[in-house]
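Each chain gets a letter, A, B and so on, in the order its sequence line appears, and its residues count up from 1. Any value given below was found using the heavy atoms of this structure, including those in side chains, with hydrogens, waters and symmetry copies removed. If you're wondering where the values come from, they're calculated on a predicted model, not measured in any experiment.
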2 protein chains.
Amino acid sequence: MGIANLAFDRKSCGSCPIRHRAVCARCNDEELAELETMKTYRSYEAGQPVAWAGDPLEFVASVVVGVATLSQTMEDGRTQMVGLLLPSDFLGRPGRDRVAFDVTAVTDLTLCCFRRKPFEEFMARTPHVSQRLLEMTLDELDAAREWMLILGRKTAREKIASMISIIARREAAMQKKAATDGFGFELPLTREAMANYLGLTLETVSRQISALRRDGVIALEGNRRVHIPSFEALLHETGDDSDGGMPA
Amino acid sequence: MGIANLAFDRKSCGSCPIRHRAVCARCNDEELAELETMKTYRSYEAGQPVAWAGDPLEFVASVVVGVATLSQTMEDGRTQMVGLLLPSDFLGRPGRDRVAFDVTAVTDLTLCCFRRKPFEEFMARTPHVSQRLLEMTLDELDAAREWMLILGRKTAREKIASMISIIARREAAMQKKAATDGFGFELPLTREAMANYLGLTLETVSRQISALRRDGVIALEGNRRVHIPSFEALLHETGDDSDGGMPA
DNA sequence: CTCCCGGTTTGATCAGGATCAAGGAAGATC
DNA sequence: GATCTTCCTTGATCCTGATCAAACCGGGAG
């Protein structure tokens, strides 16, 4: 996951290598300078927890490098992933004082953090920031609702195909190129994490990935690297068909 | 669903019988007067569509009386409900120009509508409104993510118990009383709609409701009216146990 | 009254995915 | 090089919920 791929912003917060989508998009230089004073970086190793549900919420942050997940766990250990955070995604909920879901680093992870209180004061003074945050939250809500269709109504094969196509689309966007046929990328999750994402077991995930490989819908190099010979064929397996499954 | 139960607000928008949670909570009299000029009411009969995914988004609205659903449908007819809108809930997404999901009236429904453009201009001038809307959207996002756990990891019986307990909690809040043992209320959905909500078939919904009745967890009068002898016993069936499943 | 109709219940059978179990591959560490 | 460890694959069997099918119930219309 090379950081070079992430340099899609011209206006960045000082030394922060990526633009904070939520914060900086419409900020002027003065506002950026103020944000600069509240900023700190934090790093986490793969597999480490970032925060637990119920913790006091001290920081909001933006993912700089790596992948983090939001998840819920039931008392008997069943867990369901409810969010996947890739570089440039925003983490944290201004206006709340508790963390809502468990946050875990699934790869080595770097966050660019803002202390919540000063950030909220900044927001209150800067209406376009809360408007931008509202837009982002609406995007997340759309994504969550699309995910509900996948969890509630799709077969195991369709779930896997949907996940691969969603990750491929984000990966292509991140690399600033179209998701054309022949596109290849790395799956950022273990089979177990995919299972928690899709509401399946890891055995079923493994079997369905093997099945899609056997059927020529995807090609694999090793366990993690995926190559898509035909996007159309992949989309056909998602059950959405026709369009890419984007909410209209 | 008596309208008397909804009169929980002292500050309402003129003739609108309920406060618009999103809009009015912190508005002064001048702002309320301005909102008054953009307002129209619309009514829909039970079963009628309110809007389809992809339609141009002309209005935002607040539910005054009745129940509406948000849902997605796959090409082969499988459908998944992704939102349930009860009185005082907000409908529509400022800043978007297309409807994202199918909206259907499941009971007779009255909406209090604001034309989107003037409403957005009002928002831009009134920062506390976009902040309030952000809070509400975060609430919806939490609800959607809790729902993902239900869809992805719970058994049919746990799904039914979770749904009943969620509706009971909202109903109790609406009636302004605690959800104590012995609480009774009406299910606002058909078995089929519940199935679409829970990612089940209507037969399974019916069977599991019967099973919970047989086991004394709930009591039924007719098909729709539910009576809960012991909230603790119901919560125990949800799989969440210990607490009520609220995000921390 | 009878007929119909949408919503609901219940039964019988089937199948998709879970579960239990064993083994393989690629890195780490010694 | 040998041995762990982690992640992944594959096989055999089981079980929950889907599917197919029939009948029930209450209400409205004729």
| task | State which residue, out of B:L111, B:T104, B:V106, fulfils the side chain to side chain contact (heavy atoms under 4.5 Å, CB included) condition with B:Y44. | result | B:L111
| query | For B:G199, which contact category applies under a 4.0 Å heavy-atom criterion: base, sugar-phosphate, or nothing? | reply | sugar-phosphate
| remark: From CD of A:E203 across to P of C:dG24 the rounded distance in Å is 17 Å
| If only side-chain N and O atoms of B:T204 are considered, is one of them under 4.0 Å from the OP1 or OP2 phosphate oxygen of D:dG17? | no
| Which whole-number value in Å describes the distance from B:K159 NZ to D:dT16 C1'? | 11 Å
| request: Name the orientation class of the two ring planes belonging to A:Y197 and A:W147 (parallel below 30°, tilted from 30 to 60°, perpendicular beyond 60°). | output: parallel
| remark: Looking only at D:dC8, C:dT10, C:dG17, the nucleotide nearest the A:A156 side chain is C:dG17
| task | Drop me the distance from B:T73's OG1 to A:R153's CZ, to the nearest 0.5 angstrom. | result | 10.0 Å
| task | Let me know the distance between CD1 of A:I160 and P of C:dG17, rounded to the nearest Å. | result | 10 Å
| query | Between B:R78 (CZ) and D:dA18 (C1'), how many Å, whole number? | reply | 12 Å
| note | Whole-Å distance, A:D76 CG to C:dA18 P, equals 15 Å
| query | Whole-Å distance between D:dA18 P and B:Q80 CD? | reply | 12 Å
| task | Indicate, with a heavy-atom threshold strictly under 4.0 Å, whether B:R224 touches base, sugar-phosphate, or nothing. | result | sugar-phosphate
| task | Figure out the CG/P separation between B:L202 and D:dC20, and round it to whole Å. | result | 13 Å
| In whole Å, what is the span from the CG atom of B:N196 to the C1' atom of C:dT8? | 16 Å
| field | Touch class at under 4.0 angstrom, heavy-atom based, for A:T201 against every strand present | value | base
| Is B:R93 salt-bridged to A:D139, going by a charged N under 4.0 Å from an acidic O? | no
| said: Can you work out whether A:L220 or B:L200 has the more 5'-proximal nearest nucleotide on DNA chain D? | reply: A:L220
| request: Could you tell me whether the side chain of B:I209 reaches within less than 4.5 Å of the side chain of B:R191, counting heavy atoms only? | output: yes
| Touch class at under 4.0 angstrom, heavy-atom based, for A:S210 against every strand present | sugar-phosphate
| query | Does the side chain of A:R207 get closer than 4.0 angstrom to OP1 or OP2 of C:dG17 through an N or O atom? | reply | no
| task | Could you pick out which residue, A:R153 or A:N223, lies toward the 5' side of DNA chain D when each is mapped onto its nearest nucleotide? | result | A:N223
